[in-house]
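The analysis underlying the following values was restricted to heavy atoms, covering all of them including side chains, and did not include hydrogens, waters or symmetry mates. One-based numbering along the sequence shown.
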Amino acid sequence: MKHNAHQFFHVDNALKYSINRIGTLRNVIALLFLAMLSTGCLADEKINWIPFDDGLTQWAVEQMRGGSVVAKDGMLIIDDHNGCTIWLRQKLTAPVEISYDVTVVMNGGINDRVSDINCFWMATDPASPGRPAGRSGKFADYDSLRLYYVGMGGNTNTTTRFRRYAGDGSKPLLSGYDLSSANALLAPNVTYHLRVVARDGVAEFWRDGGKLFSFKDPAPLTSGWFGFRTVHSHLEIRNFRISQ
């Protein structure tokens, strides 16, 4: 929102008048709020926290045999053996930002492995208008979708990659979107703060405040579903938030 000296003059005079002539805290707070509105200090942003305290009512689990997914104590706990995707049932529309904290757990469990903190976002099925559904949890089952994907610490924690699935089975790996440096891979029992973004024709993936990937899409994906994705790992996810 644009502002100028004329706006500040009127807000400043109004605030002085309220303090000098009325002197009540209620009117001062009201005018401070008016000043913030007039200068664009308040963003028009919708923030939606989705807790993990009410079970899996807001999530749809697709998982191969040998694993489990539960939501309790403020966490989504994924203990997976052969592959799984957990879809948020809510469809998202750009501009949107999804953030969460995730830990790859190593405490001696059968599925504990430092690998595959992955996700899909803006996912749609060209063959169906609804949420992608009915898949087994096997990774290849998702090749037919149109989406953005990051596999962080994939291939037994040797790569972190971004891909755009085209919806026709192709998911090319572009130059510059395949990382193997230590700061892009995983460590056991470390919590990472992740953000995925779709806005203004750009898909982004952030880790702990640093941007790992930014992709300017010539054919932007502007709506779709978000899903956690992993295989043979034990993950704990907290503080899931959507900002639009």
Side-chain angles (χ1 to χ4, degrees), residues 43 45-48 83-88 90-102 104 115-129 131-132 135 139-186 192-231 233 235 237 239-244:
E45 182 181 36
K46 178 183 177 182
I47 299 177
N48 185 16
C84 73
T85 299
I86 302 100
W87 293 110
L88 179 66
Q90 175 186 345
K91 188 177 184 180
L92 303 176
T93 302
V96 64
E97 176 182 299
I98 304 117
S99 64
Y100 51 96
D101 298 323
V102 56
V104 57
S115 190
D116 287 284
I117 296 179
N118 310 334
C119 65
F120 299 132
W121 72 105
M122 312 312 281
T124 57
D125 186 345
S128 173
R131 176 180 55 80
R135 289 167 171 80
F139 193 33
D141 284 359
Y142 302 90
D143 288 354
S144 60
L145 300 182
R146 183 180 294 122
L147 53 82
Y148 302 124
Y149 166 79
V150 164
M152 187 171 75
N155 299 305
T156 316
N157 200 29
T158 59
T159 64
T160 291
R161 293 172 170 173
F162 170 89
R163 296 181 188 267
R164 184 194 187 279
Y165 285 35
D168 58 5
S170 63
K171 47 180 185 178
L173 180 60
L174 304 177
S175 176
Y177 293 89
D178 184 3
L179 308 178
S180 58
S181 57
N183 64 352
L185 301 179
L186 304 175
Y192 300 98
H193 180 68
L194 304 183
R195 291 194 297 133
V196 298
V197 178
R199 65 165 171 256
D200 302 326
V202 177
E204 296 176 348
F205 181 84
W206 296 69
R207 166 172 145 164
D208 294 338
K211 183 163 52 180
L212 291 188
F213 298 114
S214 181
F215 175 69
K216 180 67 174 178
D217 193 344
L221 307 182
T222 58
S223 64
W225 281 265
F226 172 86
F228 298 113
R229 172 72 203 173
T230 195
V231 61
S233 68
L235 307 181
I237 300 169
N239 302 322
F240 186 84
R241 187 180 79 164
I242 302 167
S243 302
Q244 291 186 296

Q: Examine distances only and state if a side-chain atom of T124 and a backbone atom of G224 form a donor-acceptor pair shorter than 3.5 Å.
A: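 Checking the backbone N and O of G224 against the side chain of T124, no donor-acceptor pair under 3.5 Å is found.
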Q: On a heavy-atom basis, which atom in S180 and which in T158 lie closest, and how many Å separate them?
A: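 Taking S180 first and T158 second, the nearest heavy atoms are CB-O, 3.5 Å.
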Q: Validate the cation-pi geometry between K171 and F139: distance from NZ or CZ to the six-membered ring centre under 6.0 Å, angle to the ring axis within 45°.
A: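 Judged by the rule (NZ or CZ under 6.0 Å from the ring centre, within 45° of its axis), K171 counts as positioned above F139.
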Q: Taking all non-hydrogen atoms of both residues, which atom of S243 and which atom of I47 are closest, and how far apart?
A: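 Shortest heavy-atom contact: OG-CG1, 4.0 Å.
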Q: Return the set of residues passing ring pair (Phe, Tyr, Trp, His ring centres under 6.0 Å) with Y142 (not counting sequence neighbours), or none when no residue passes.
A: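 Ring pair (Phe, Tyr, Trp, His ring centres under 6.0 Å) list for Y142, sorted by chain: F120.
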Q: Does the D200 side chain pair with the main chain of V202, one donor and one acceptor, at a distance under 3.5 Å?
A: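 Absent.
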Q: Any side-chain to backbone donor/acceptor pair from R135 onto D141? Under 3.5 Å, distance only.
A: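 Yes.
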Q: Check whether any side-chain N or O of S128 sits under 3.5 Å from a backbone N or O of D125 as a donor-acceptor pair, and report yes or no.
A: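 Not at all, since once roles are kept as given, no pair shorter than 3.5 Å links the two residues.
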Q: Do R199 and T222 get their side chains close enough for a donor-acceptor pair, meaning under 3.5 Å?
A: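 Short answer, no.
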Q: Under the side-chain contact (heavy atoms from CB on, under 4.5 Å) criterion, do Y192 and I117 qualify, and how do the steps go?
A: CA-CA 10 Å; Y192 300 98; I117 296 179; 4.3 Å; yes
Q: Looking at CG of L212 and OG of S181, how far apart are the two atoms once the value is rounded to the nearest 0.5 Å?
A: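 Between L212 CG and S181 OG, I get 8.0 Å after rounding to 0.5 Å.
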Q: For the residue pair L88 and W225, what are the closest heavy atoms and their distance?
A: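 Heavy atoms only, the tightest pair is O-CD1, 3.1 Å.
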Q: Is there a donor-acceptor pair closer than 3.5 Å between any side-chain N or O of Q244 and the backbone N or O of T93?
A: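 Yes, because the side chain of Q244 sits within donor-acceptor range (under 3.5 Å) of the backbone of T93.
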Q: M122 and A198: which non-hydrogen atoms are nearest, and at how many Å?
A: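 Shortest heavy-atom contact: CG-CB, 3.8 Å.
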Q: Taking T160 for its side chain and G153 for its backbone only, find out whether a donor-acceptor pair lies under 3.5 Å.
A: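 Between the backbone of G153 and the side chain of T160 there is a qualifying donor-acceptor contact (under 3.5 Å).
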Q: Okay, side chain of N118, backbone of M152: is any donor-acceptor separation there less than 3.5 Å?
A: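 Pair found, side chain donor or acceptor close to backbone of M152.
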Q: Below 4.5 Å, heavy atoms only, C-beta onward: do Y100 and I237 meet side chain to side chain?
A: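 SC-SC contact between Y100 and I237 confirmed.
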Q: Would Y149 and C119 count as a side-chain contact (heavy atoms from CB on, under 4.5 Å) here? Give the steps.
A: CA-CA 6 Å; Y149 166 79; C119 65; over 6 Å; no
Q: Is it the case that D101 and H193 place a side-chain donor and acceptor less than 3.5 Å from each other?
A: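 Judged by distance alone, the side chains do pair up.
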Q: Assess whether side-chain contact (heavy atoms from CB on, under 4.5 Å) is satisfied between S99 and L194, documenting all intermediate values.
A: CA-CA 6 Å; S99 64; L194 304 183; over 6 Å; no
Q: If I compare all heavy atoms of L221 with all of D217, which pair ends up nearest, and what's the gap?
A: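 Residues L221 and D217, closest heavy atoms: N-OD2, 3.8 Å.
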Q: Can you name the closest pair of heavy atoms from R161 and L173 and give their distance?
A: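 Where R161 meets L173 most closely, the heavy atoms are NE-CD2, 3.7 Å.
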Q: Check whether T230 reaches the backbone of D116 with its side chain - one donor and one acceptor, N or O, closer than 3.5 Å.
A: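 Here the side-chain-to-backbone pair exists.
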Q: Whether the side chain of R207 engages the backbone of L185 through a donor-acceptor N/O pair (distance < 3.5 Å, no angle test) should be reported.
A: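 The answer is yes, because a donor-acceptor pair under 3.5 Å joins these two groups.
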Q: Do R131 and K91 pass the side-chain contact (heavy atoms from CB on, under 4.5 Å) test, and can you show the C-alpha distance, the side-chain angles, and the key distance before you say yes or no?
A: CA-CA 8 Å; R131 176 180 55 80; K91 188 177 184 180; over 6 Å; no
Q: When rounded to the nearest 0.5 angstrom, what distance separates CZ in F162 from OG in S214?
A: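 These two atoms lie 9.0 Å from each other.
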Q: Let me confirm one number: the OG-CG distance from S115 to N155, rounded to the nearest 0.5 Å.
A: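 One gets 7.0 Å once the value is rounded to the nearest 0.5 Å.
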Q: Side chains of I98 and L92: closer than 4.5 Å at any heavy-atom pair?
A: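 A side-chain contact exists here, since the closest heavy-atom pair is under 4.5 Å.
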Q: Got Y177 and R163 here, is their nearest side-chain heavy-atom distance under 4.5 Å?
A: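 No; the side chains remain at least 4.5 Å from each other.
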Q: Report the relative orientation of the aromatic rings in F205 and F213; use parallel for angles under 30°, tilted for 30 to 60°, perpendicular for over 60°.
A: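 F205 vs F213 ring planes: tilted.
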Q: Using the ring pair (Phe, Tyr, Trp, His ring centres under 6.0 Å) criterion, which residues pair with W121? Sequence neighbours excluded.
A: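 In terms of ring pair (Phe, Tyr, Trp, His ring centres under 6.0 Å), with neighbours along the sequence ignored, W121 is linked to Y148.
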Q: With a 4.5 Å heavy-atom cut-off, do N48 and Q90 have their side chains touching?
A: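 Of all side-chain heavy-atom pairs linking Q90 with N48, at least one is under 4.5 Å.
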Q: Has N157 got a side-chain atom pairing as donor or acceptor with L186's backbone, closer than 3.5 angstrom?
A: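 It does hold such a pair.
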Q: Within a strict 4.5 Å, meaning less than it, do heavy atoms of the T159 and D178 side chains meet?
A: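 Heavy-atom side-chain distance check passes, below 4.5 Å.
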